[in-house]
Amino acid sequence: MPSDPTSLPPGFDAAAALLEWYAAMGVDVTLADAPLDRFEESAKAKAAAEAARRQAPPPAPRGPMPAINLPPHAAAARPAPAPSLTPSQTAQVPTEATVMQARAAAQSAQTLDELKALIEAFDGCNLKLTAKNTVFADGNPASKLMLVGEAPGRDEDIEGRPFVGRSGQLLDRMLNAIGYSRSHNAYIANVIYWRPPGNRDPSDVEVAICRPFILRQIELINPELIVFLGAQPAKALLGGDAVKQGINKLRGRWCELEIGGKRFKALPTFHPAYLLRTPIKKREAWRDFLTAKVFLENGGMLPPT
Ligand code: URA
């Protein structure tokens, strides 16, 4: 009897269940067609480095020695450096030099378009390897109100715009409730421009690399008020005591962010994703949004507390 062409192939259910389980565990990106044994790679690199070290001539005797510029033929006789992994095999390990590179690139941007192009061309952040899109910003760049979140999630990575998933819809409703919207008078960005795989927290190094870019973005927008959505952006950008505090302590408290000698007023509040999980906190977030509205509509004067 011919098999039913509409029926699913054997093993389909099990494969679908496995994929579903992977997604639930946060494994929702593929990096390569075949698995890579990173332990074997690093063991090989270590062995090659050790072999090169053994072949190297013994160290020169200690003591002050004049600097010598080796002629080309002598330089060529130096042992070859240990073979390194090609960029396609491994994510770049960011270093302080990468942070400096980000700083120099960010400082060179004179307009938002230039900054966006520089970030899109920047290859120093390993998160870019797994992200589909660079998520730069959304909203009106002439806004007095700038909101800064943490990092793009799955929906933002697909669309290339911040806060377009469920937490973004809540954020839009909260903004609308105080008479603001991204299409009219609010501008939204994140500290991190690429989605961390599986929505993990960005590492300190990833934050350090993206920091100069978001600081420059704030400078170029020049908002009257920055609202930090959650503790992570507040900690990443304010540093100091903020780093040690939880969002319950930080929220609703006026802060100042100094960039290039200019002080920006900032107000941390809860992240909308947290509000979706903890609706009782919406009351406090609402208070923060009202405070922001009064501040903005008072010509940037602090409302009485
Ligand atoms: N959460 C964030 O912090 N930023 C986004 O863009 C989406 C979700």
Side-chain angles (χ1 to χ4, degrees), residues 23-24 26 28-29 112 115-116 119-120 122 125 127-128 130-141 143 145-176 180-183 186-204 206-211 213-215 217-218 221 223 225-238 242-243 245-248 250-251 255 257 266-279 281-282 284-285 288-289 292:
D28 54 3
V29 286
L112 277 179
L115 183 67
K116 183 169 187 273
I119 295 171
E120 283 169 350
F122 184 75
C125 185
L127 294 175
K128 196 177 176 188
T130 49
K132 291 187 176 62
N133 278 301
T134 300
V135 177
F136 181 67
D138 198 14
N140 181 354
S143 301
L145 173 62
M146 176 167 181
L147 300 110
V148 181
E150 299 176 359
R154 183 178 171 276
D155 298 321
E156 291 74 21
D157 184 38
I158 292 169
E159 276 204 35
R161 288 193 302 132
F163 285 98
V164 292
R166 275 187 71 221
S167 57
Q169 288 156 21
L170 174 59
L171 178 61
D172 283 339
R173 288 199 296 278
M174 291 163 73
L175 283 172
N176 293 165
Y180 283 72
S181 71
R182 61 175 100 193
S183 57
Y187 182 83
I188 307 175
N190 284 310
V191 170
I192 302 286
Y193 294 92
W194 300 277
R195 181 200 181 197
N199 293 350
R200 67 162 167 78
D201 287 342
S203 69
D204 289 350
E206 288 155 0
V207 170
I209 288 171
C210 291
R211 199 169 179 273
F213 291 121
I214 181 67
L215 290 177
Q217 196 169 353
I218 293 171
I221 291 292
L225 174 64
I226 305 162
V227 169
F228 292 126
L229 300 168
Q232 190 261 354
K235 291 177 183 197
L237 300 186
L238 294 173
V243 173
Q245 308 212 351
I247 188 63
N248 280 296
L250 286 171
R251 71 137 281 277
C255 307
L257 172 62
L267 191 65
T269 190
F270 294 120
H271 192 286
Y274 174 71
L275 294 175
L276 287 171
R277 295 193 301 274
T278 324
K281 295 286 185 181
K282 283 184 185 167
E284 287 158 84
D288 298 337
F289 271 62

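Everything quoted here is computed from the prediction, not taken from an experiment. When a ligand or atom number is given, it counts from 1 through the structure's own listing order.
Residue-level proximity to ligand 1 for A273 is absent, since no heavy atom of it falls below 4.0 angstrom. Residue contacts with ligand 1, taken as heavy atom pairs separated by less than 4.0 Å, involve E156 solely via side-chain atoms from C-beta onward.
Scanning the protein heavy atoms around atom 4 (N) of ligand 1, the nearest turns out to be N190 OD1, 2.9 Å. Protein heavy atom at the shortest distance from atom 1 (N) of ligand 1 is H271 NE2, 3.2 Å.
Judged by distance alone, with hydrogens and angles left aside, the side-chain atoms of N140 form no donor-acceptor pair with the main-chain N or O of S183 at under 3.5 Å. At distances below 3.5 Å, at least one donor-acceptor pair connects side-chain atoms of R211 with backbone N or O atoms of L237. For Q245 (side chain) and A242 (main-chain N/O), no donor-acceptor pair under 3.5 Å exists by modelled atom type.
Ligand 1 does not have L229 within reach: every non-hydrogen atom of the residue lies 4.0 Å or more from it.
With respect to E206, the salt bridge (charged side-chain N to carboxylate O under 4.0 Å, His left out) criterion is satisfied by exactly one of K128, R195, R200: R200.
In summary, the atoms of ligand 1 found under 4.0 Å from a heavy atom of G149, numbered by their order in the structure, are 3 (O). Listed by number with element, the atoms of ligand 1 under 4.0 Å from a non-hydrogen atom of P162 are 6 (O).
What you find for C125 and I209 is that their closest heavy atoms are CB-CG2, 4.1 Å.
The ring of F122 has its center no closer than 6.0 angstrom to the ring center of Y193.
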